[in-house]
A.B. asks: 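This is the structure, below, for whatever I ask next.
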Number of protein chains: 2
Amino acid sequence: MARPASKRPTDTELEILNALWELGAGTVREVHEHLSQQRDMGHTTVLKVMQIMTEKGLLQRDESVRPQVFRASRTQAQTQKALVADLLERAFDGSPGNLVLQALTSRRTSPEERRKIQALLDRHEKGRR
Amino acid sequence: MARPASKRPTDTELEILNALWELGAGTVREVHEHLSQQRDMGHTTVLKVMQIMTEKGLLQRDESVRPQVFRASRTQAQTQKALVADLLERAFDGSPGNLVLQALTSRRTSPEERRKIQALLDRHEKGRR
DNA sequence: GAAAGTTGACGAATTCCTTCGTATTGACCG
DNA sequence: CGGTCAATACGAAGGAATTCGTCAACTTTC
């Protein structure tokens, strides 16, 4: 009669993952400073979330050094793919086309982005990868 | 010092929205039956969630009839677009290209889907919409 | 080596979400 | 009308998520 832990990283967790992907790896302090540029969070709050993320397996922790160094367990691409697959499943009936449609009509999609997408599509059309 | 209500519909809420979009509008019973095909949820549970969704503004309720009829406040397309924009912001640094890349490399993307996407791109390339 | 500063562990407080049990209200039938 | 059944409201239970305060442990610096 309870709520199951979210399969996806939460918003806060994702922000920390973004920081770690950019840093490669980092201490709580480094992550906190990175986040502070956009977000107002206490140092211990970041630490706590990162501890929980480590328990969940989202982060790896090197305890042999002080301060401890954290890194993401999965790559950004792996996580992004999982998030897209999840959203596809939950909100787009599994049809990537519908999802891409909404992405294309986003205000964020510049002609440049569109060319980028076209290039991706071409690469898929002729052969692999 | 607490948790803010999620800006996005939760998983359960999205399932109910999916049902209502497909039904057009429906009673709790109809939604429950629709959901029962994939999910095991009590009748009152569905009702409760739908009540909360109504409070949140996600659903509109016609109380003049019995049983009450609910419908989604926003269209599927509107919601999908918001979800994509949100994911774009949180996990793809605002770049639709990166998102589409992950969508394209999804196992769910058949050649047929790819053609569909190509058609969308073409439509965007030449002119409006 | 003691003081001062960092870092990390722990747990509390609070709200949200999911799930129902129970109670109340409303509608229909006889 | 009163009874019955469905529909709705109410509220509670309990785990998840977010945020810190507090204190202990460890480092660095005089």
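Hydrogens, waters and symmetry mates play no part in the numbers below; they use all other heavy atoms, side chains included. Worth saying up front: this structure is predicted, and the values here are computed from it rather than measured. Protein chains get the first letters and strands the later ones, always in sequence-line order, with residue 1 at the start of each.
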A.B. asks: Can you tell which of C:dA9, D:dC20, D:dT8 lies closest to the side chain of A:T45?
C.D. replies: D:dC20

A.B. asks: What I want to check is whether the side chains of B:N18 and B:E22 have a donor and an acceptor closer together than 3.5 Å.
C.D. replies: no

A.B. asks: Does a distance-only test, which skips hydrogens and angles, find a donor-acceptor pair under 3.5 Å between the side chain of B:K48 and the base of D:dG11?
C.D. replies: yes

A.B. asks: Once each nucleotide of nucleotides 21-30 of chain D is scored for protein heavy atoms under 4.0 Å, what B/S/- sequence comes out, 5' to 3'?
C.D. replies: BB---S----

A.B. asks: Tell me: CD1 of A:I16 to P of D:dT18, nearest whole Å?
C.D. replies: 9 Å

A.B. asks: Which nucleotide in the set D:dA17, D:dT18, C:dG8 lies at the smallest distance from any side-chain heavy atom of A:K56?
C.D. replies: D:dA17

A.B. asks: Where the side chain of A:S6 is defined as all heavy atoms beyond and including C-beta, which of D:dA17, C:dT6, C:dT18 is the nearest nucleotide?
C.D. replies: D:dA17

A.B. asks: Could you give the CD-to-P distance, from A:E13 to D:dT19, as a whole number of Å?
C.D. replies: 11 Å

A.B. asks: For the residue pair A:L14 and B:A91, what are the closest heavy atoms and their distance?
C.D. replies: CD2-CB, 3.8 Å

A.B. asks: Are a donor atom and an acceptor atom from the side chains of A:D62 and A:S64 found within less than 3.5 Å of each other?
C.D. replies: yes

A.B. asks: Under 4.0 Å, heavy atoms only, any strand: does A:T10 hit a base, just the sugar-phosphate, or nothing?
C.D. replies: sugar-phosphate

A.B. asks: State whether a side-chain donor-acceptor pair under 3.5 Å links B:Q38 with B:E15.
C.D. replies: no

A.B. asks: Looking just at side-chain N and O atoms, do B:E113 and A:S95 make a donor-acceptor pair shorter than 3.5 Å?
C.D. replies: yes

A.B. asks: OP1 or OP2 of D:dC5 versus the side-chain N and O atoms of B:R29: is any pair under 4.0 Å?
C.D. replies: no

A.B. asks: Reading DNA chain C from 5' onward, which residue's closest nucleotide shows up sooner: A:Q51 or B:A5?
C.D. replies: A:Q51

A.B. asks: If you assign B:L47 and A:R39 each to the DNA chain D nucleotide with the nearest heavy atom, which residue ends up on the more 5' nucleotide?
C.D. replies: B:L47

A.B. asks: With a 6.0 Å cut-off (strictly less than), is the heavy-atom count around CG of A:D93, excluding the residue itself, greater than 12?
C.D. replies: no

A.B. asks: Are there over 12 heavy-atom neighbours, none belonging to B:R61, within less than 6.0 Å of that residue's CZ?
C.D. replies: yes

A.B. asks: Does OP1 or OP2 of C:dC16 have a side-chain N or O of B:R8 closer than 4.0 Å?
C.D. replies: no

A.B. asks: A:M50 has an atom CE; how far is it from atom P of C:dT7, in whole Å?
C.D. replies: 12 Å

